[in-house]
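Because the structure is predicted, anything quoted here is derived from the model rather than measured.
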Amino acid sequence: MTGPQLSLPKRLAARALHTALQLTCGGSRLEVHEEAIVALGWRRFLELSQNAFLVLKMLKERYGEIDAQFIIGIAAMWNGCGYCGYGHALTGALLTFRDHGRLHPLDPHVLAELLPLESDDAMVRLAELLADDRDASLRRLIARMYELRAGRAVPETTDDHVLDAALQTWTWYVECSIVVGLTIQPEDAFCPGHRVGRDKALLARYRHARASRAVVAR
């Protein structure tokens, strides 16, 4: 699809990035990287990738690794991107399962159910999903991020500026995925930029636990 529009050096660079992510994170989608480079240009792609890394670092330092992943996942979902939305939600869910032995209420399949909803309806559902006291901080942050996104608030506090940075970064960063990112399925999600995705045994245990809970819920 996008390959013929890439020069040979850029195509090789996309393949190198794809291979590196497969080795370090356990998964990748070559066509997403190719489409990103075509849509953004090589220099802009690198700039946005570096900015995304810095924003993720800022989120992790302020809110911890797990909530940072879910914040990015929700920000990406609001922009229609399953590629980033599902991937970061899976990362947060795997870290929660590994570190706390708990199935987090958010995961790629849950985000897939939220994706087609009207924004306000999605927020109502998110509040229901995150009603547990253990998720109170994430619930508050996502609610505030939604107010900022909807233009019902302007950034005032440090938290506001951090959340707004996540919104803006993943608004720019997912422009490239309007085709591929929208067609990815939640079961094909992987952990972008995180080594937890390489732990296939953990992933298998997580999926088994999730499936078992779904059977019990029926």
Side-chain angles (χ1 to χ4, degrees), residues 48 51-100 102-175 177 181-182 184 186 189-194 196 206 210 213:
L48 287 178
N51 188 63
F53 174 80
L54 293 174
V55 171
L56 175 57
K57 183 175 183 288
M58 184 167 56
L59 288 166
K60 289 193 294 187
E61 289 174 350
R62 190 159 186 85
Y63 306 123
E65 179 105 57
I66 293 173
D67 280 0
Q69 296 292 338
F70 285 121
I71 288 169
I72 293 171
I74 295 298
M77 181 199 73
W78 280 334
N79 286 288
C81 180
Y83 181 77
C84 291
Y86 300 157
H88 286 285
L90 177 63
T91 304
L94 285 175
L95 292 172
T96 302
F97 188 65
R98 184 193 70 183
D99 297 346
H100 304 290
R102 174 191 173 214
L103 288 173
H104 198 278
L106 301 182
D107 91 322
H109 288 86
V110 173
L111 260 63
E113 295 171 1
L114 296 173
L115 198 59
L117 297 180
E118 295 291 336
S119 297
D120 285 348
D121 292 337
M123 276 306 303
V124 170
R125 181 63 181 137
L126 277 168
E128 294 171 351
L129 289 164
L130 299 173
D132 193 292
D133 287 346
R134 292 173 292 185
D135 301 313
S137 177
L138 181 60
R139 183 176 68 245
R140 175 183 61 80
L141 292 169
I142 290 176
R144 183 59 177 176
M145 187 164 64
Y146 179 64
E147 293 297 306
L148 294 168
R149 178 179 182 269
R152 298 171 186 169
V154 295
E156 296 176 343
T157 66
T158 300
D159 278 337
D160 287 349
H161 288 289
V162 172
L163 294 173
D164 191 58
L167 278 173
Q168 298 305 323
T169 298
W170 266 268
T171 297
W172 298 327
Y173 202 56
V174 303
E175 287 293 330
S177 66
L182 283 174
I184 189 173
F190 67 94
C191 301
H194 204 291
V196 74
Y206 169 77
R210 199 107 204 170
R213 189 171 77 172

Does either side chain, that of Q69 or that of H194, offer a donor lying less than 3.5 Å from an acceptor on the other one? no
Atom CD1 of I66 and atom CD1 of I71: how far apart are they, to the nearest 0.5 Å? 12.0 Å
Enter the distance from H161:NE2 to D164:CG here, rounded to the nearest 0.5 Å. 8.0 Å
May I ask you to test the I142-M123 pair for a side-chain heavy-atom distance under 4.5 Å? yes
Nearest heavy-atom contact between W170 and A52 is CH2-O, 3.6 Å
CG on L106 to OG1 on T96, rounded to 0.5 Å: 9.0 Å
With rounding to the nearest 0.5 angstrom, report the CG to OG distance, D67 to S137. 5.5 Å
Atom pair CG/CG of L126 and L114 - distance to nearest 0.5 Å: 5.0 Å
Aromatic contact between H109 and Y86, with the criterion being ring centroids under 6.0 Å apart: yes or no? no
Is the backbone N or O of L138 less than 3.5 Å from a side-chain atom of D135, with the two atoms forming a donor-acceptor pair by type? no
Looking at R144 and D159, is any side-chain nitrogen of the basic one under 4.0 Å from a carboxylate oxygen of the acidic one? no
Residue from L95, V110, L130 passing side chain to side chain contact (heavy atoms under 4.5 Å, CB included) with H104: L130
Please tell me if the side chains of F70 and L141 come closer than 4.5 Å, counting only heavy atoms from C-beta onward. no
A112 to P186 - nearest heavy-atom pair and separation: CB-CG, 3.9 Å
Do you know the tightest heavy-atom contact between P192 and T91? CD-OG1, 4.1 Å
Heavy-atom pair with the smallest gap, counting every atom of L111 and G73: CD2-O, 3.8 Å
Take Y146 and S119 through the test side chain to side chain contact (heavy atoms under 4.5 Å, CB included) and record every step on the way to the result. CA-CA 9 Å; Y146 179 64; S119 297; 3.3 Å; yes
Apply the test salt bridge (Lys or Arg N to Asp or Glu O under 4.0 Å) to residues R102 and D107: give CA-CA distance (whole Å), side-chain angles for both, the deciding distance (0.1 Å), then the verdict. CA-CA 12 Å; R102 174 191 173 214; D107 91 322; over 6 Å; no
Before giving the answer on side chain to side chain contact (heavy atoms under 4.5 Å, CB included), spell out for Y206 and L103 the whole-Å C-alpha distance, their side-chain angles and the decisive distance to 0.1 Å. CA-CA 8 Å; Y206 169 77; L103 288 173; 3.6 Å; yes
Spacing of T169 atom OG1 and L54 atom CG [to the nearest 0.5 Å]: 9.0 Å
Side chains of L56 and M58, heavy atoms from C-beta outward: is any pair under 4.5 Å? no
Provide the closest heavy-atom pair for L59 versus A166 in the form atom of the first, atom of the second, distance. CD1-CB, 4.0 Å
Can you name the nearest heavy-atom pair linking C191 to L94, along with the distance? SG-CD1, 3.6 Å
Can D160 and R62 be counted as an ion pair, charged N to O under 4.0 angstrom? no
By the side-chain hydrogen bond (donor to acceptor under 3.5 Å, both in side chains) test, which pairs, at least two apart or in different chains, include something from residues 121-131? R125-E128
Yes or no on side chain to side chain contact (heavy atoms under 4.5 Å, CB included) for E118 and D120, after CA distance, side-chain angles and deciding distance? CA-CA 6 Å; E118 295 291 336; D120 285 348; 5.7 Å; no
For Y83 and F190, run ring-ring contact (aromatic ring centres under 6.0 Å, His included): C-alpha distance rounded to whole Å, both residues' side-chain angles, the deciding distance at 0.1 Å, then the answer. CA-CA 9 Å; Y83 181 77; F190 67 94; 5.7 Å; yes
